[in-house]
Amino acid sequence: MTSVLTRPASAAGGRAQPVVFERGLAVLSNDPVNGEYMRLVLAAPREMLDLCRAGQFFNLLCPALGGETPYLRRPMSIYGFYPERGELHFLYKVAGAGTRALAQLREGDALNVMGPLGQGFRIDDDWQRLVLVARGVGLATLAPLALEANRLGRHLTAICSARHPDLLMSIDYFRELGAEIIPVTDAEGTSSLEHLEQVIEERVAGPGIDAFYTCGSNRLLTLLQRIGKRHGIPGEIALEQQMACGLGMCHCCVRPFRKGDKTVQLRVCREGPVFDIQEAMPW
Amino acid sequence: MTSVLTRPASAAGGRAQPVVFERGLAVLSNDPVNGEYMRLVLAAPREMLDLCRAGQFFNLLCPALGGETPYLRRPMSIYGFYPERGELHFLYKVAGAGTRALAQLREGDALNVMGPLGQGFRIDDDWQRLVLVARGVGLATLAPLALEANRLGRHLTAICSARHPDLLMSIDYFRELGAEIIPVTDAEGTSSLEHLEQVIEERVAGPGIDAFYTCGSNRLLTLLQRIGKRHGIPGEIALEQQMACGLGMCHCCVRPFRKGDKTVQLRVCREGPVFDIQEAMPW
Amino acid sequence: MVDLSVDIAGLTLKNPIMPASGTFSEELAEVFDIECLGAHVTKTITRGLRDGNPTPRVCEVGSSMLNSIGIPSKGVSAFLDKVVPFYRAYETPLVVSISGNTADEFARLCSEVTVEGVAAIEVNISCPNIEEDGKAFAIRPSSTYDVMRKLRAATHLPLWAKLTPNTGETPEVARAAQEGGADALVVANTLLAMAIDIRTRRPKLGNLMGGLSGPSLKPIALRMAYQCAKSTTIPVIGCGGISTAEDVIEFLIAGATAVQVGTATFINPTAMVTVIAELERYLEREKLSSVRDLIGTLIDEEQKEGVVFMEAAP
Amino acid sequence: MVDLSVDIAGLTLKNPIMPASGTFSEELAEVFDIECLGAHVTKTITRGLRDGNPTPRVCEVGSSMLNSIGIPSKGVSAFLDKVVPFYRAYETPLVVSISGNTADEFARLCSEVTVEGVAAIEVNISCPNIEEDGKAFAIRPSSTYDVMRKLRAATHLPLWAKLTPNTGETPEVARAAQEGGADALVVANTLLAMAIDIRTRRPKLGNLMGGLSGPSLKPIALRMAYQCAKSTTIPVIGCGGISTAEDVIEFLIAGATAVQVGTATFINPTAMVTVIAELERYLEREKLSSVRDLIGTLIDEEQKEGVVFMEAAP
Ligand SMILES: Cc1cc2nc3c(=O)[nH]c(=O)nc-3n(C[C@H](O)[C@H](O)[C@H](O)COP(=O)(O)OP(=O)(O)OC[C@H]3O[C@@H](n4cnc5c(N)ncnc54)[C@H](O)[C@@H]3O)c2cc1C
Ligand SMILES: Cc1cc2nc3c(=O)[nH]c(=O)nc-3n(C[C@H](O)[C@H](O)[C@H](O)COP(=O)(O)OP(=O)(O)OC[C@H]3O[C@@H](n4cnc5c(N)ncnc54)[C@H](O)[C@@H]3O)c2cc1C
Ligand SMILES: Cc1cc2nc3c(=O)[nH]c(=O)nc-3n(C[C@H](O)[C@H](O)[C@H](O)COP(=O)(O)O)c2cc1C
Ligand SMILES: Cc1cc2nc3c(=O)[nH]c(=O)nc-3n(C[C@H](O)[C@H](O)[C@H](O)COP(=O)(O)O)c2cc1C
Ligand code: FES
Ligand code: FES
């Protein structure tokens, strides 16, 4: 529907204003990125793109195509948003019915999207040296963070992990945005936790790290929690959970978080998908 | 599956043999015939076409196309079957979800059909002068009767009724097969029951009529029952009813019939769709 | 101009379309102006704090879904402090959904939410009654009657009793609810169901089973709405699988005075807005001046002996 | 070679796939060789002649259907004279489905169909009990137990009790059926539902209401099959919305020993043939030597307190 630029506080006395779009967008392209991933580019209106933030997501109404009949919407991180060009990008892995249907979309088809949704990444003023650690499709979620870091003139190191060098995505993208890349792969034996810990510790000792960013993986979470605690480095993690509404209404997307000595259930779609890395709980 | 040439008696001691096909056929064409009707031509195997009889029908698994999701199969009379050319024809009116989906089929698409089903028209050896009276899409059901009559060298008169001369279908088809045509239309005021009765009575008095064929309409049924009784002329009617299985299993397609002084429920898909005209009951 | 307003036990709704409990919250106001709805219905709360069920809490089944959210609740005081004030900014009547595992706790909550700004209380009697065998109150007429009596005594606000489809005695339960003091019936909640992931051989829901909602539920909920309208004299609010104006019309013809839209909002967040607009257009096309002219207009005399009280199919 | 055979109370089926009553008859033998099925299950008969319900008797709802066929019956002697002999030509066990509106009539029919050529009797206790309030026997544990006792006394053949989903007491009814003498449970029949044609404002079924079958029913029937397997010690035969091998596997994992395929045969007359072949391929792929290795393998310990006896969703 319509939109305003800031997300209103829900509990305040006044009425909430519409800030979330639900709209059919035209597909500009939908191409394989490598054997496992596809990039979907949609034409989006400026006022929608102006609202987008790195780390937020959209809830996509996957079409009934190719014999698939996905019912619920599918959440997808914003892979890129370009208000100047009027483009909204997603990077996705074909997993089940919904993404199989997405993969059938052709130029000119329409896709109904709802968003932007959720809380994006935080980059505090004094966080100058950022490090992101991600694997696989997690890079989709972290990619726009590189754009944002670049816009804000921060230094970003991207530790990109994959099974095989062929599957390392977004590297060029990160490089273009001036990020330093550290690729690690299973095939080359460089992606083990021990090796990663060593690489990170060297940076902490050397140039220094002001904040960590990661997503999705339990192993990376515990590693970064440990290093973060050890050196007092803050960080954020983007998490996933099954969703229905994507807006905060249904409470199906909760995960447990540590708040002091209590465990609280927070909604990934609303309080997240980005959370404080120390509050997140391994699963 | 497989097939044999004759329909086995179900109750007999031996095992029944498969005689009904369920198969995906390629669409050869699917074109509008006039504003309201479409003709669908499928490529069918010889052994299926050899089993077809005028008056029988197929149960079509309408595809999920154009946003339609028909679930049950849709019964359609055989409009034409040409073992020599390997063609199976249907003539249909776009009514609801199933036929709207059918209308989306394009050359080369596949359509799953099941059949041939039901009992076709009877043409006894001493029935030389046949008269069919039909309206609208009913002509689809009666068309192959003309073919059969032609093959058997019988004389056929087709009284074709429609709202408007433009909607008179199959006339050329009947004419090609050597049938005599009597068109009647609402627009010209020639389709009233009184006028029809007069036309038919003249033929009874003149060249004579050995058997009547009609379908679907209550008004035509009662008219032909009356004339048939008056002159002792036998006849048959093809009837419709909502169907699910099309085979005789579910008993959803029953209609009441007079058998002597009793009323019995018969399955349109199995004992029909063609019934003795005097046994049929107006509805 | 057609008149979309309906009356539910003295409460006038500007149109018969409202959200179903648990599928609506303040957040939807970020998508459209929720003042356009007939009523606002909040997620069920309990008196105390509750975490809700383990995840995964939802899954897809065909073109419908299962959920086992449970009733995570921040408790009644958080609700009164934060949620009720949010809705005060709207003129749309606020309907508060509550539940409890014992009749007394339930009744106590009922009186606690009887505050200014609340227009009616929806009592979710589809929740387990732990004082008996853990079956929902609304599975049996007797437990329905007993809990409704206590709830009735606890508030002067209109009471909407929300029934469960997990029963073989819908008409009897509906009558018991009316006799116990319900002013309207919400028909119905989700139907107990299950799905298994054959690869992992685990239930698709963390809670093993959950409630079916969405299009698959529609013919069942419609049957129940009809049964309830036939067997009581209080307004029925249809709920279950409604996603289009045609669905709404089906429920109104069956005898519902209003409807709730649940799962459809997840698929299409503006579903209710569209439904209101299309309902209005339909009435104009049909030359009906009021939506009330549709209610209970099913032509069913031929089926007089019917199966209103027959719970057995074929 | 994988072993597809299962044992239902002493009766060995060569595979666990059989048709559901009312969706199968001699005519299907014209489409494929029905000797490939695990069993043949006939349409329910009653003792006397019955016409069945008014038309229309079926309609489509979403990707499922409603039916109100009723039980048209040519009576028991026509059945014994014509139907039973047809199936004697097959080695596949014949299961005869019967029903009655009073327990005594039902039991009498049960003994009348105890003839050579019949391998088991499926008792459709989802039909109305006219001696009580017209509710189906299988809606309540007490009426289930009473009718099963009489049926048990009437035959030495294995008795399969077919349950209804129109109840809030599935586990209790299942236990009552076992205690009353059932050798197996068929879970389940259709769910009472309704559809309205908004143009004519008439019910889409001549009988006003009818039973829901097809994919929409699957998650409900699966939940019931699981509940029955957990709450009794006799084999459960799953039924409801099964149309693919994956559906069958879901039911087997939930605890069903065999399954019945109903509506799917209307859509795809060779559905059962395909399902048998695909089930075999699945077992080969999974390196399981017997289909029996799948039965009841649901990993559900984490949900120990579960909701096996909870009939209330959210
Ligand atoms: C906030 C968020 C952002 C995401 N961003 C991306 C992204 O940028 N690229 C990408 O490839 N994937 C992303 N995912 C995961 C993506 O949502 C799932 O891969 C997708 O929903 C799978 O749908 P499917 O129908 O193909 O698979 P199925 O397995 O058939 O899905 C069945 C159901 O499970 C849900 N589901 C399955 N996997 C996940 C998952 N990992 N997280 C949440 N729900 C899931 C589906 O939404 C659907 O409801 C994100 C998930 C979340 C929660
Ligand atoms: C034996 C037989 C032969 C037929 N031959 C032809 C033919 O050659 N050409 C043609 O155009 N039509 C024919 N019909 C009618 C045709 O089956 C329906 O028009 C068609 O099923 C409508 O489906 P729909 O989804 O478009 O309409 P909807 O109205 O959406 O259909 C809803 C349901 O009602 C059923 N239905 C609707 N109308 C009829 C009907 N008249 N008879 C039986 N079921 C119906 C449908 O099959 C479906 O299950 C025949 C019917 C029968 C029984
Ligand atoms: C995610 C979810 C949560 C729900 N929570 C509640 C609830 O808290 N209280 C309640 O009475 N019903 C609850 N329901 C049931 C709905 O209010 C509604 O009765 C049901 O979903 C059927 O309607 P639908 O098919 O339109 O969704 C919930 C349903 C869903 C899908
Ligand atoms: C047309 C039709 C007729 C039926 N007749 C009977 C019957 O006579 N006896 C019976 O026990 N069940 C009957 N049933 C129910 C089925 O046996 C089965 O329990 C139900 O349809 C659910 O399975 P499905 O979803 O696979 O169809 C009938 C179902 C249909 C669709
Ligand atoms: S998906 Fe509904 S609350 Fe998060
Ligand atoms: S359609 Fe099933 S018996 Fe005729």
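Residue numbers start from 1 in every chain, and the chains themselves are labelled A, B, ... in the order their sequence lines are given, proteins ahead of strands. In this text, all values refer to a predicted model and were calculated from it rather than measured experimentally.
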Legend entry - Max heavy-atom pair count under 4.5 Å with chain B, selected residue of D/Asn268, D/Ile267, D/Thr23, D/Val58: D/Ile267
Inset, instruction - State, with a plain yes or no, whether a side-chain heavy atom of D/Leu94 is found less than 4.5 Å away from one of D/Val96. - result: yes
Legend entry - Leading residue by heavy atom contact count with chain B [cutoff under 4.5 Å; candidates D/Gly22, D/Pro56, D/Cys59, D/Pro269]: D/Pro269
Inset, instruction - Decide yes or no for B/Leu88 and B/Val41: does some side-chain heavy atom of the first lie under 4.5 Å from some side-chain heavy atom of the second? - result: no
Legend entry - Region of D/Ser63 that comes under 4.5 Å of a non-hydrogen atom in chain B: both
Legend entry - Top of D/Met65, D/Glu60, D/Arg57, D/Glu35 for chain B proximity - count of heavy-atom pairs under 4.5 angstrom: D/Glu60
Inset, instruction - Taking salt bridge (charged side-chain N to carboxylate O under 4.0 Å, His left out) as the test, write out the residues that go with D/Glu105, two or more places apart. - result: none
Inset, instruction - Quick one: list whatever passes side chain to side chain donor-acceptor pair (under 3.5 Å) with B/Arg39, sequence neighbours left out. - result: none
Legend entry - Residues that D/Thr44 engages under side chain to side chain donor-acceptor pair (under 3.5 Å), provided they are two or more places apart: D/Ser21, D/Ser97, D/Asn124
Inset, instruction - Could you tell me whether B/Tyr92 and B/Tyr37 have their ring centroids closer than 6.0 angstrom? - result: no
Legend entry - Test item: D/Thr42 and D/Val95 side chains (from C-beta on) under 4.5 Å apart, heavy atoms: no
Inset, instruction - Using non-hydrogen atoms and a 4.5 Å limit, figure out which bit of B/Leu61 sits close to chain D: side chain, backbone, both or neither. - result: side chain
Legend entry - Among the listed options D/Pro72, D/Ser64, D/Pro19, the residue most often paired with chain B at heavy-atom distances under 4.5 Å: D/Ser64
Legend entry - chain D contacts, top residue of B/Met249, B/Gln242, B/Met114 (heavy-atom pairs, under 4.5 Å): B/Met249
Inset, instruction - Measure the acute angle between the ring planes of D/His40 and D/Tyr87, then classify it against the limits of 30° and 60° as parallel, tilted or perpendicular. - result: tilted
Legend entry - B/Arg53 (side chain) donor-acceptor with B/Gly120 (main chain) under 3.5 angstrom: no
Inset, instruction - Check each atom of D/Asp81 against the heavy atoms of chain B and say whether the ones under 4.5 Å are side chain, backbone, both or neither. - result: neither
Inset, instruction - Output the residues of residues 272-283 of chain B for which the shortest heavy-atom distance to chain D is under 4.5 Å, in residue-number order; output 'none' if no such residue exists. - result: none
Inset, instruction - Could you have a look at B/Gln265, B/Met243, B/Arg255, B/Arg74 and say which one has the most heavy-atom pairs with chain D under 4.5 angstrom? - result: B/Arg74
Inset, instruction - Measure the CG-OG1 distance between B/Leu247 and D/Thr265 for me, rounded to the nearest 0.5 Å. - result: 9.5 Å
